[in-house]
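Working notes for the structure below.
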Amino acid sequence: MKDELYLGFDFSTQQVKVIAIDKRLNIVYEDGVKFDTDLPEFKTRGGVHVHEDNLTVTAPTVMWVKAMDLLLDKMKLANFSFKDVIALSGSGQQHGSVYWKQGACGVLKNLKPSLPLHEQLKDYFSIADSPIWMDSSTSAQCRHLEDTVGGAQILADITGSKAYERFTGNQIAKVYQCNRTAYEATERISLVSSFGASLFLGDYASIDESDGSGMNLMDLYRRVWSEQCLQACAPDLGKKLGQIVPSRQCVGFVSHYYVEAFGFSSECRVISFTGDNPASLAGMRLCDGDISVSLGTSDTLFLWLRDPKPALEGHIFVNPVQSTDYMALLCFKNGSLTRERIRDHCAEGSWDRFAEMLAQASPGNDGNIGIYFDVQEITPNTVGVHRFNSEDEKVSQFESAVEVRAVIEGQFLAKRVHAENLGYDIGSKSRVLATGGASMNKAILQVLADIFAAVVYVQDVANSACLGCAYRAKHALTEVPFSEVVRDAPEFVCAAKPNPDTFETYNKLAARYKHLEGLISIAKV
Ligand SMILES: O=C(CO)[C@@H](O)[C@H](O)CF
């Protein structure tokens with residue numbers, strides 16, 4: 001019987017990943033290409049280049065293209081049945097931007113199946129190194145944008161967020177101001193998500209409503225570009241960005257390149273790509289009332305919203321699977337790379353040893369609190385590593401087991417405190433759905449359950465963004481609600497139940513964390 005497959009790709013910070021599902025939602029293929037190890041010629045660390053100013057962070061655009069070449073070749077070598085793919089979609093790290101040079105569209109439309117993508121596209125990016133979400137170099141552009149529209153809260157009311165350094169409008173403004181020639185040589189500006197869709201479409205793919213919400217440029221409610229925001233960032237920007245489309249839009253069929261080079265059906269549909277976090281919301285089949293914690297390069301916390309209240313903290317995006325609804329997101333830049341640094345320094349690079357040490361120190365860490373912002377943090381906007389003893393006195397170091405517990409408790413206390421700022425009720429019986437690399441670590445999830453006083457669930461797929469895109473590809477070909485399409489997906493598994501004996505300890509620690517984080521933020525300012 002002819003199979004019916006759906007593909008979900010994810011252009012994330014550290015790798016390009018893919019998941020294939022069949023019509024019963026079973027995962028039938030999963031793979032990835034890691035930038036640092038599979039493409040060492042680009043000399044990235046964690047998939048990125050941190051520049052000397054320690055604020056500018058980019059990734060080579062053509063590295064992402066070459067990773068896609070390698071991934072498709074791996075699938076071909078594995079005899080993946082491309083001909084059975086009915087539809088594909090994907091996601092990309094949010095906020096990053098790709099600058100296509102004049103003439104690039106012609107090359108995209110006429111890709112030669114005998115050559116790899118990267119060889120044909122490598123000369124068609126007007127900016128070779130894409131700014132990405134870890135960049136913090138555009139504070140001046142953020143202030144200008146907020147001043148232009150009348151202030152931070154007005155910008156949040158228009159776009160869903162106050163101005164953030166990583167948001168694409170501010171990044172484009174910096175390109176226009178600092179690299180005018182390149183900006184003027186740019187025919188199209190894509191997000192990483194719509195760039196991925198363009199590779200498959202063989203044409204420029206439109207930006208979707210959900211990922212477009214993360215640019216400080218889109219009117220959140222009207223779903224069109226805000227003219228005043230566009231003009232505040234750069235001239236002729238609307239033309240370079242193209243139109244916005246719904247996140248479930250079929251943007252066309254795969255280009256002849258994939259039909260001839262890999263055996264895709266010419267009837268294989270390309271469904272709009274979206275941001276990695278909106279895609280994770282889909283992959284985790286979030287329901288109203290759930291809270292999701294994605295523990296990846298960045299840690300993100302997001303929830304489904306019907307009635308958004310844009311604020312001066314966090315973000316509101318259009319919901320990727322129900323366009324009348326929204327999603328709230330908090331992003332913590334110091335995520336897995338910080339945990340890995342302390343694992344390497346304190347636990348000989350071993351997660352098993354890390355888990356053993358986590359168990360050596362008791363919940364609450366005898367009142368010791370660590371705040372580890374190795375790089376400029378987003379939530380809140382400050383940087384530095386700070387350790388405090390039970391008397392709130394700064395100390396210069398912790399012994400290893402305390403340091404291990406402090407980094408995990410500190411990161412999760414931050415998530416709880418900022419979620420409560422957004423109105424999340426810790427006492428509610430919400431489910432915490434965990435995903436991302438660290439969600440495979442039970443010891444870490446037990447701390448999450450205790451701090452949130454909630455049961456933590458996982459699904460046996462860490463790549464929720466890829467899975468979400470495969471689900472979205474299937475959903476786009478139907479007229480039923482997304483929840484109907486994923487109804488028979490494998491249930492989430494309880495990974496950790498909160499220990500009630502820790503509730504009082506963490507209530508007190510959360511209050512102290514909030515106070516101490518406030519102190520270090522003011523000190524930074
Ligand atoms: O900036 C973020 C969300 O606003 C990050 O989670 C990126 O999407 C990670 F790729």
Side-chain angles (χ1 to χ4, degrees), residues 9-17 32 35 44 46-48 57-59 64 90-98 130-138 142 156 159-171 191-196 207-208 210-218 220 273-284 292-303 310-311 313-318 320 326-338 375-381 411 414-415 418 422 435-439 462-466 468-469:
F9 292 91
D10 181 30
F11 287 81
S12 73
T13 312
Q14 301 189 50
Q15 55 185 313
V16 178
K17 299 170 271 190
F35 304 131
T44 53
V48 306
V57 184
T58 60
W64 297 333
S91 58
Q93 51 177 299
Q94 291 192 264
H95 321 301
S97 44
V98 172
S130 285
I132 64 149
W133 67 276
M134 293 170 73
D135 184 283
S136 309
S137 66
T138 60
C142 289
T159 69
S161 301
K162 72 175 186 180
Y164 282 87
E165 281 71 9
R166 70 192 193 282
F167 275 39
T168 325
N170 307 302
Q171 293 292 334
L191 290 176
V192 177
S193 54
S194 55
F195 149 81
I207 289 171
D208 79 298
S210 192
D211 207 16
S213 310
M215 301 171 76
N216 277 152
L217 293 175
M218 187 187 90
L220 187 69
F273 283 32
T274 191
D276 58 349
N277 294 292
S280 280
L281 178 139
M284 300 178 73
S292 163
V293 180
S294 176
L295 300 171
T297 311
S298 69
D299 284 350
T300 54
L301 184 146
F302 46 82
L303 42 125
E313 181 173 79
H315 317 291
I316 307 291
F317 301 145
V318 172
Y326 296 85
M327 63 179 281
L329 180 134
L330 282 168
C331 181
F332 302 84
K333 188 189 294 186
N334 291 275
S336 63
L337 298 179
T338 303
V375 294
Q376 187 74 26
E377 183 44 70
I378 293 165
T379 311
N381 184 20
Q411 288 185 336
K415 289 171 181 60
H418 290 282
L422 269 187
T435 186
S439 70
N463 292 335
S464 55
C466 285
C469 292

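Both counts, for ligands and for their atoms, begin at 1 and track the order of listing. In this text the structure is predicted, and so the values were computed from the model without any measurement.
Within the 3.5 Å criterion, the main-chain N or O of C331 finds no donor-acceptor partner in the side chain of T300. Under a 3.5 Å cut-off, the side chain of Q93 and the backbone N or O of D276 do not form any donor-acceptor pair. Side chain of D135 to main chain of R166: no donor-acceptor pair is present (N/O by atom type, distance under 3.5 Å, no hydrogens or angles). Side chain of S213 to main chain of V318: a donor-acceptor pair is present (N/O by atom type, distance under 3.5 Å, no hydrogens or angles). With hydrogens and angles disregarded, no donor-acceptor distance shorter than 3.5 Å links the side chain of N381 to the backbone of Q376.
Only side-chain heavy atoms of H95 come within less than 4.0 Å of ligand 1; its backbone N, CA, C and O stay farther off. Contacts between L329 and ligand 1, counted as non-hydrogen atom pairs separated by less than 4.0 Å, involve the side chain only. Counting heavy atoms closer than 4.0 Å to ligand 1, residue N277 contributes side-chain atoms (C-beta onward) but none from N, CA, C or O.
Under the 6.0 Å cut-off for aromatic ring centres, Y164 and H95 do not qualify, their centroids lying 6.0 Å or more apart.
The distance from ligand 1 to the heavy atoms of R166 drops below 4.0 Å at these ligand atoms: 1 (O), 2 (C), 3 (C), 4 (O). Residue-ligand proximity, Q93 to ligand 1, at heavy-atom distances under 4.0 Å covers atoms 10 (F). Short contacts between ligand 1 and S298, defined as distances under 4.0 Å to a heavy atom of the residue, involve ligand atoms 5 (C), 6 (O), 9 (C). Which parts of ligand 1 touch T13 is read off a 4.0 Å heavy-atom cut-off, strictly below it: atoms 10 (F). Taking a cut-off of under 4.0 Å to the non-hydrogen atoms of T300, the atoms of ligand 1 that pass are 6 (O).
When the options F11, W133, F302 are ranked by their closest heavy atom to atom 7 (C) of ligand 1, first place goes to W133.
Ranking protein heavy atoms by distance to atom 2 (C) of ligand 1, first place goes to C331 SG, 3.5 Å. For atom 9 (C) of ligand 1, the nearest non-hydrogen atom of the protein is D276 OD2, 3.3 Å.
With 3.5 Å as the limit, one finds a donor-acceptor pair spanning the side chains of D10 and S91.
Heavy-atom minimum distance, C469 versus A279: SG-CB, 3.6 Å.
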